[in-house]
Participant: 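Structure incoming, see below.
Here is the naming used below: chain letters follow the sequence lines, and residue numbers restart at 1 for every chain.
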Number of protein chains: 2
Amino acid sequence: MDTMNTAGNVCIKALRDEERVELLASARSLDFRAGELVVKKGTSVNDLYLLQQGAVELLLGDQPSKQSLMLLFPGEIIGVNCAYSTMNYRFSAKALTDSRVLVINYHIFSAYLERNSEFSMAFIRYISTVNERFLDWHMKLAEKNSAGALAFLLCEFEKSYGQSTFELPLNRSDIARVIGFSKESVLKNMAHLRNEGIVESTGKQVKILDFGRLHDIANHG
Amino acid sequence: MDTMNTAGNVCIKALRDEERVELLASARSLDFRAGELVVKKGTSVNDLYLLQQGAVELLLGDQPSKQSLMLLFPGEIIGVNCAYSTMNYRFSAKALTDSRVLVINYHIFSAYLERNSEFSMAFIRYISTVNERFLDWHMKLAEKNSAGALAFLLCEFEKSYGQSTFELPLNRSDIARVIGFSKESVLKNMAHLRNEGIVESTGKQVKILDFGRLHDIANHG
DNA sequence: CGGAAGGGGTGTAATTTTACACCTTCGGGA
DNA sequence: TCCCGAAGGTGTAAAATTACACCCCTTCCG
């Protein structure tokens, strides 16, 4: 959730001015409504998608119970860490909120990678950083029980928004998918947090009342 | 576990002949005994390690209950997908069996990335492929119960060794860490497989007797 | 305006897994 | 040669989580 200095934005800054101008001139923005697919698994990789606004969820499968890979926020290039493995996208990406995406032509982007070594090194560093944050995220979640995982997610959102009252870009089923527990687990744990006076929640609106205890649950779950 | 055409070996083939000769001339092989750390979390990134022989486990933490990231086999560059995120290694790597590693100087390697665009594109593709296989592995495991996860691991090893009798490079605690269940879960499930006549096992020696049923368990766990 | 669908929620029972205790065997080191 | 530690193993109980059933409310569409 920490978008500072590791975003796709930053690696694009490694382009030369004229390259950046050319890339942005050839790019176009697209808007997606909450719930729409931004990227569909199996489609061929013609474009890269830089998220400008909103929140997007990366999903592995296309089954009803799709597995959540990660949440993406403004500045990120969607699915960047696998974009060069095959010619087809191996995951889907769904807009969690209304979102705006900058569509960047893959071939133009690749041409810059081939001829601008500073840019390709910045891109390699960017991919490495995305991987590391992905591993951190999943491994932190993997070692927690359901209460800890939910608390951890709420703490991360509070940190990201920088305030204790915020609107989650996720419904309860989304939360369940992201942290890897059932919807009922999420609902029961959320009820427990409310009953204990740790949070207030009304649908997606969340207010954290006792940050210390939430952190304790997150750390020891 | 599929080492075909996605290994670090293959991306190194993208180097020009004289670059490859120079890289290999400056590299040296190191041997590690089973149980030794090949890479220790926190050490600075001066070298990359190409696994030539044996099996290595990538671990996230340095706690006693370290979390398993992935298993690595000959041809892989250890921890390649995060090697360019920071100046220190963010994970440890432990030799599961006696292993031989080619130690490649990071700065020489990076210099080739900067001046040989064909090589850097091959490297980007290699990292993407490593990421994708990592995601596939973890997401397949994540959706299985303990019986399914153990069966899946055994099936993958059978596929990798190409025969139904093989020696696991893992003891029961290692297996537990890799698939994310307790040691007793692994032991109980292994006993069940033996009692059902699906496998024979003596320590690390495993023989698969009923591949169809093992696959069924792997697929429906 | 009514019905359907989606989302939030609760309760109970079943299943899965861990925790804990303890055992046996084997290999290595003193 | 003996002892200790590591590894493989089993049993029982507790804890965690899911499965399932069902409810209520709100919003949207016909």
Participant: Return the value, rounded to whole Å, for the distance between atom CG of D174(A) and atom P of dG6(C).
Facilitator: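 Rounded to whole Å, this separation is 13 Å.
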Participant: Applying the side chain to side chain contact (heavy atoms under 4.5 Å, CB included) criterion to L51(A), which one of N9(A), L102(A), V56(A) satisfies it?
Facilitator: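 Answer after filtering N9(A), L102(A), V56(A): V56(A).
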Participant: Does anything in residues 181-199 of chain A come within less than 4.0 Å of DNA chain D? Heavy atoms only, and list the residues if so.
Facilitator: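 Hits under 4.0 Å, by residue number: F181(A), S182(A), E184(A), S185(A), K188(A).
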Participant: Closest to the N145(A) side chain: dG7(C), dT17(D), dG9(D)?
Facilitator: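 Minimum distance to the N145(A) side chain belongs to dT17(D).
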Participant: Indicate the atoms forming the closest heavy-atom contact of L96(B) with A34(B), along with that distance.
Facilitator: O-CB, 3.4 Å
Participant: Quick one, Y126(B) with Y84(A), criterion ring pair (Phe, Tyr, Trp, His ring centres under 6.0 Å). Give me CA distance, side-chain angles, the key distance, then yes/no.
Facilitator: CA-CA 8 Å; Y126(B) 170 53; Y84(A) 282 84; over 10 Å; no
Participant: Write down the distance between CD1 (I175(A)) and C1' (dG6(C)), rounded to a whole number of angstrom.
Facilitator: 16 Å
Participant: Would you mind reading off the distance between R177(B) atom CZ and dA7(D) atom C1', rounded to a whole angstrom?
Facilitator: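 The distance from CZ of R177(B) to C1' of dA7(D) comes to 14 Å, rounded to the nearest Å.
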Participant: Looking at E132(A) and R90(B), is any side-chain nitrogen of the basic one under 4.0 Å from a carboxylate oxygen of the acidic one?
Facilitator: yes
Participant: Has K144(A) got its NZ or CZ under 6.0 Å from the middle of the six-membered ring of F152(A), at an angle within 45 degrees of the ring axis?
Facilitator: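 Pair K144(A)/F152(A) counts as cation-pi.
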Participant: So among H138(B), R177(B), E57(B), which one has a side chain to side chain donor-acceptor pair (under 3.5 Å) with S68(B)?
Facilitator: E57(B)
Participant: Rounded to whole Å, how long is the line connecting atom CZ of R33(A) with atom P of dC28(D)?
Facilitator: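 For the pair R33(A) CZ and dC28(D) P, the rounded distance is 11 Å.
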Participant: Look up atom CG in L135(A) and atom CG in L69(B), then write down how far apart they are to the nearest 0.5 Å.
Facilitator: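 These two atoms lie 5.5 Å from each other.
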Participant: Please verify the inter-ring angle class for Y89(B) with Y49(B); under 30° counts as parallel, over 60° as perpendicular, anything in between as tilted.
Facilitator: tilted
Participant: In whole angstroms, how far is the P atom of dG9(C) from the CG atom of N171(A)?
Facilitator: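 Result: 11 Å.
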Participant: Determine to 10° how strongly the helix from dC1(C)-dG30(D) to dA30(C)-dT1(D) is bent, judged from the axes of its five-pair ends.
Facilitator: 30°
Participant: Do any N or O atoms from the side chain of E196(A) and from the backbone of I198(A) form a donor-acceptor pair under 3.5 angstrom?
Facilitator: no
Participant: Expressed in angstrom and rounded to an integer, what is the separation of I179(B) atom CD1 from dT16(C) atom P?
Facilitator: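 These atoms are roughly 15 Å apart.
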Participant: May I have the distance from L150(B) (atom CG) to dT18(C) (atom P), rounded to whole angstrom?
Facilitator: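 Taking CG of L150(B) and P of dT18(C), I get 13 Å after rounding.
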Participant: Measure from NZ on K144(B) to P on dT16(C) and round the result to the nearest Å.
Facilitator: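 Rounded to the whole Å, the gap is 15 Å.
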